[in-house]
Amino acid sequence: MAGDVCGHVVWTAELPVGRGGWCCWRPVAAGRERCRWHATGALDDYASALDQSDDRLDDAVLRGEDLDSLPIDGCSLARADLAGATLSTTVESGCLRGADLSDATLDHADLSGADLRDATLAGATLLHADLSAARLRHADLSGADLRFAAASAPSLVRADLTDANASGADLSDATLLSARLEAATFRRTDLSGGNLRRADAVAADLGSADVRGADLYEADLRDADLRGADLSGANLRHAHLSGADLSDADLTDATLEGADLRGATLERAEFVRTNLFDADLSRAVLYGGVFADVKVNRGTVLDAPRPTGADDDPLDELVWTNRTIERLSRENALVEQARTAYVRRKDLRRRQHRRQGNYARWAGSAVAGAVMGYGERPLRVVAVSAAVVFAAALLYPGPLSEAAYASLASFVTPLPDPSLGTTGRWLSAMEALTGALLTAVLVFVFGRRSTG
Ligand SMILES: [Zn+2]
């Protein structure tokens with residue numbers, strides 16, 4: 001009597017792992033080909049049709065139903081179609097705790113204050129759903145579509161939102177502590193005031209998201225897309241942001257203490273009163289960023305990317321970056337770091353001269369760099385002086401010890417020794433001139449360093 005039973009088959013392959021397929025043996029509903037759960041179209045009195053509280057309601061069609069009074073406690077609702085269903089009251093009584101709503105359609109559903117702890121909502125569609133103050137601790141929302149969901153202050157502790165899309169959703173004041181957000185999409189999502197401490201958001205898309213005042217302590221945002229995100233006042237202490245794209249992001253009053261920003265893109269990002277203590281910004285792209293009252297300390301690593309030597313090196317950007325690092329370092333009394341950035345900038349200028357075919361300036365720059373490290377390296381002047389004395393000693397006649405003395409004497413005194421031959425006197429005079437010049441350079445370098 002196959003016509004009397006529903007016969008709807010739920011295949012194992014269509015169910016979450018661990019659940020076996022089954023065939024529905026419920027009697028068909030009057031005038032329908034399926035039972036009241038699997039037939040499309042509204043039917044009344046679902047409550048009395050429920051055999052037991054742990055019933056299998058997989059694939060159930062409950063579109064637009066008011067499920068508030070339905071005791072679906074512990075029911076399996078995998079792949080159930082709950083589009084437009086209202087679940088607000090049911091769920092307050094804990095009905096959906098641990099429920100299986102994978103691939104369910106919950107568009108516009110009212111799940112406010114719902115207890116969805118440990119529930120499976122993998123692949124579920126929750127477009128415009130109301131999840132405000134919903135309890136979703138440990139819930140599986142991987143691949144779920146939460147676009148434009150109103151979900152202020154939900155508890156998503158340790159929830160799994162891998163590959164989920166919550167673009168345009170209101171997740172303000174959400175608790176996403178230790179949540180899994182890998183490759184999730186939060187474009188233009190309101191995450192302001194949220195708790196995302198230790199959240200795993202590797203390669204997540206937070207483009208133009210509102211993350212104001214959020215707590216992202218130790219959050220893993222490696223390779224995340226944070227372009228245009230508003231992170232003002234956010235706590236990003238010890239956050240992992242290596243390889244992340246923070247172009248045009250607003251980091252006003254944000255704390256990035258101890259954050260890992262290696263290789264991050266920070267183009268045109270705003271750093272106003274930003275705390276960068278002990279942050280690692282090595283190889284970070286800072287071009288066009290706004291830096292005002294930025295706090296930098298000795299532990300802050302500000303290391304511009306190096307030119308590769310290729311023709312398409314962005315020399316202008318690198319010059320800008322090194323000048324910014326120089327300024328930030330000087331403002332925060334980090335003299336040695338400022339000097340390194342200055343020397344790098346001068347090296348880049350030299351490359352620019354060569355690229356522009358300005359060989360006279362290139363040569364001048366090369367000599368200044370080699371002899372005195374562009375006025376920053378007095379020891380280099382001393383080393384060059386020693387090299388001149390030694391090289392000249394090899395040209396003087398006589399044994400090496402006498403030649404060395406003659407060379408040193410010529411270097412420090414302007415008067416040539418008359419006992420030297422014609423060649424020797426010329427050599428001596430040239431060396432005296434070089435010595436005078438190098439001494440002047442040494443005085444200049446020391447003077448420059450002492451003034452700043
Ligand atoms: Zn059925």
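We count ligands from 1, going down the list as the structure has it; atoms in each ligand are counted the same way. Computed from a prediction, not measured in an experiment: that's the story for all the values here.
Of the residues listed (Thr321, Asn322, Asp303), the one engaging Arg344 in a side-chain hydrogen bond (donor to acceptor under 3.5 Å, both in side chains) is Asp303, and it is the only one.
Using a 3.5 Å distance cut-off with no hydrogens or angles, the side chains of Asn165 and Asp145 do not pair a donor with an acceptor. Counting only N and O atoms by type, the side chains of Asp347 and Tyr374 include a donor and acceptor under 3.5 Å apart.
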Could you walk me through whether Gln337 and Glu326 satisfy the side chain to side chain contact (heavy atoms under 4.5 Å, CB included) test, starting with their C-alpha distance in whole Å, then the side-chain angles of each, then the deciding distance to 0.1 Å, before giving a yes or no? CA-CA 7 Å; Gln337 189 165 270; Glu326 199 184 327; over 6 Å; no
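Taking 2.8 Å as the criterion, His8 does not count as a coordinating residue of the Zn ion (ligand 1), since none of its N, O or S atoms falls below it.
Our summary of the site lists the angle at the Zn ion (ligand 1) between SG of Cys6 and SG of Cys24 as 110°, to the nearest 10 degrees. Rounded to 10°, the angle formed at the Zn ion (ligand 1) by Cys35 SG and His38 ND1 is 110°.
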